[in-house]
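Please read these numbers as outputs of a predicted model, since none were measured by experiment. Convention: sequence-line order gives letters A, B, ...; per-chain numbering from 1.
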Number of protein chains: 2
Amino acid sequence: MDIELAARQLEALGSPTRLKVYRALVRAGHDGLPVRGLQQRVGIPASTLSHHLHRLILTGLVVQERQATTLICRAVYPAMRSLVGFLVDECCLDEQCGRAGEAA
Amino acid sequence: MDIELAARQLEALGSPTRLKVYRALVRAGHDGLPVRGLQQRVGIPASTLSHHLHRLILTGLVVQERQATTLICRAVYPAMRSLVGFLVDECCLDEQCGRAGEAA
DNA sequence: CCTGTAATTCCACAGTTATCGAATTAGGTG
DNA sequence: CACCTAATTCGATAACTGTGGAATTACAGG
């Protein structure tokens, strides 16, 4: 995992709106959510949502698939997995980030 | 862990410069690093570094402690731990983010 | 082809961020 | 106190971000 990619993905998640969007998608599971459903859940105008989705897609955290007239959005789980892996491997020392030691 | 705090911390880490700063601090371990040493490692002007450090400190990811004329910076490991915890607990579904399934 | 729904793209604007030289504050030493 | 090093704060500027209404593209059905 490249540090530049990690930074871009962290930045993509680093907006309350986008984090809520992403979380909604993760919670939607494998079936994903249409943009419309996402919009109702997050409660923002369509154009704003579209911009945020675009950013999430650019970093590889989200993909879209067209089903007739609706676009289904899905979280890309492997991307999140490697991002978390980066944080743990590159940014944490084992002793300090391991569960042992102190209960946060 | 509040989603707003998570977003602010993700944003703080979501800049290549700040991510490098943070990583350097984590790697420095418990002893931390003086601002000067950090500056040499990351290679940016002091004032720029100071701003980035300030942002990291505001989100609770980094702390500073004065030792005479030098300021020692340290990564706050529990903060990273709970951020990673948030990503795993709130943004990942067990089945999809568990190590089982596929090897990323 | 006309219509309707889905979603994006266009456009504009206010607010924020990154950057860094210069000035300033903090703290120790002769 | 004068001086030195460490680091921050000030000030200014260019670039980017978030936001959302309006126009546009994409697709299906009658």
**Student:** For B/R8 and C/dT17, what is the distance between atoms CZ and P respectively, to the nearest whole Å?
**Tutor:**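 My rounded result for the distance is 11 Å.
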**Student:** Keeping the roles fixed (side chain from A/S82, backbone from A/P78), state whether a donor-acceptor pair exists under 3.5 Å.
**Tutor:**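 Yes; judged by distance alone, with no hydrogens or angles, the pair exists.
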**Student:** Applying side-chain hydrogen bond (donor to acceptor under 3.5 Å, both in side chains), can you list everything that pairs with A/H52, at least two apart in sequence or on another chain?
**Tutor:**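 Expected list: A/R18.
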**Student:** Could you tell me how far apart B/L56 (CG) and C/dT17 (P) are, to the nearest whole angstrom?
**Tutor:**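 Value for this atom pair: 13 Å.
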**Student:** Determine, stepwise, if the pair B/V21 / B/V62 fulfils side chain to side chain contact (heavy atoms under 4.5 Å, CB included).
**Tutor:** CA-CA 10 Å; B/V21 167; B/V62 167; over 6 Å; no
**Student:** Under 3.5 Å, sequence neighbours excluded: what are the donor-acceptor pairs made by side chains of residues 54-61 of chain A?
**Tutor:**
from  : atom 1 : to    : atom 2 : distance (Å)
A/R55 : NH2    : A/E11 : OE2    : 2.8
A/T59 : OG1    : A/L56 : O      : 3.0

**Student:** To the nearest 0.5 Å, what is the distance between CG on A/L10 and OH on B/Y22?
**Tutor:**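 So the gap between those two atoms works out to 11.0 Å.
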**Student:** At a heavy-atom distance below 4.0 Å, which nucleotide of DNA chain D is the first touched by chain A, and which is the last?
**Tutor:**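 First-to-last contact on DNA chain D, by the 4.0 Å heavy-atom rule, is D/dT17 to D/dA28.
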**Student:** List in numerical order all residues of residues 62-69 of chain A for which some heavy atom is under 4.0 Å away from an atom belonging to DNA chain C.
**Tutor:**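 The stretch gives A/Q64, A/T69 as the residues lying under 4.0 Å from the strand, ordered by number.
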**Student:** Taking salt bridge (Lys or Arg N to Asp or Glu O under 4.0 Å) as the cut-off, I'd like each qualifying pair that reaches into residues 29-40 of chain A, sequence neighbours left out, listed once.
**Tutor:**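 Listed by first then second residue: nothing to list.
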**Student:** Please output the side-chain donor-acceptor pairs of residues 37-49 of chain B that fall under 3.5 Å, not counting sequence neighbours, one pair per line with the distance.
**Tutor:**
from  : atom 1 : to    : atom 2 : distance (Å)
B/Q39 : NE2    : B/I44 : O      : 3.3

**Student:** So which of residues 11-18 of chain A are in contact with DNA chain C, with a heavy-atom cut-off of under 4.0 Å?
**Tutor:**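 Result for residues 11-18 of chain A: none.
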**Student:** Mind running side chain to side chain contact (heavy atoms under 4.5 Å, CB included) on A/Q64 and A/I72 for me, showing each step along the way?
**Tutor:** CA-CA 5 Å; A/Q64 281 180 328; A/I72 303 297; over 6 Å; no
**Student:** Can you tell me how far C1' of C/dA26 sits from CG of B/L71, to the nearest Å?
**Tutor:**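 Going from CG in B/L71 over to C1' in C/dA26 covers 9 Å.
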**Student:** Figure out the CD/C1' separation between A/Q40 and C/dT5, and round it to whole Å.
**Tutor:**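 Going from A/Q40 (CD) to C/dT5 (C1'), I get 13 Å.
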**Student:** Could you please spell out the steps behind the side chain to side chain contact (heavy atoms under 4.5 Å, CB included) verdict for B/Q9 and B/F86?
**Tutor:** CA-CA 11 Å; B/Q9 291 183 336; B/F86 172 86; over 6 Å; no
**Student:** Take the protein atom CD1 of A/I72 and the nucleotide atom P of C/dT8, then report the distance between them rounded to whole Å.
**Tutor:**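 To the nearest whole Å, that distance equals 12 Å.
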**Student:** Measure the distance from CZ on A/R55 to C1' on C/dT8 and round it to the nearest whole Å.
**Tutor:**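 It works out to 17 Å between those atoms.
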**Student:** Name every residue in residues 42-52 of chain A that has at least one heavy atom under 4.0 Å from any atom of DNA chain C, in order of residue number, or write none if there are no such residues.
**Tutor:**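 Per residue number, the list reads A/A46, A/S47, A/S50, A/H51.
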**Student:** Checking B/E65 now: which residues fulfil side-chain hydrogen bond (donor to acceptor under 3.5 Å, both in side chains) with it, not counting sequence neighbours?
**Tutor:**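 Testing B/E65 for side-chain hydrogen bond (donor to acceptor under 3.5 Å, both in side chains), a comparison that skips the adjacent residues, returns B/R74.
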**Student:** Could you go through the side chain to side chain contact (heavy atoms under 4.5 Å, CB included) check for A/V26 and A/M80 one step at a time?
**Tutor:** CA-CA 10 Å; A/V26 171; A/M80 172 58 88; 5.8 Å; no
**Student:** Against A/L71, only a single residue in A/L53, A/V35, A/L33 fulfils side chain to side chain contact (heavy atoms under 4.5 Å, CB included); can you say which?
**Tutor:**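 Answer to the side chain to side chain contact (heavy atoms under 4.5 Å, CB included) test with A/L71 among A/L53, A/V35, A/L33: A/V35.
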**Student:** Send over the distance from A/Q39 CD to C/dT5 C1', rounded to a whole Å.
**Tutor:**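 Rounded to the whole Å, the gap is 13 Å.
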**Student:** Suppose clustering is done on Ile, Leu, Val, Met, Phe, Trp and Tyr with side-chain heavy atoms closer than 4.5 Å. Which residues sit in the same group as B/V63?
**Tutor:**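 ILVMFWY cluster around B/V63 also holds B/V76.
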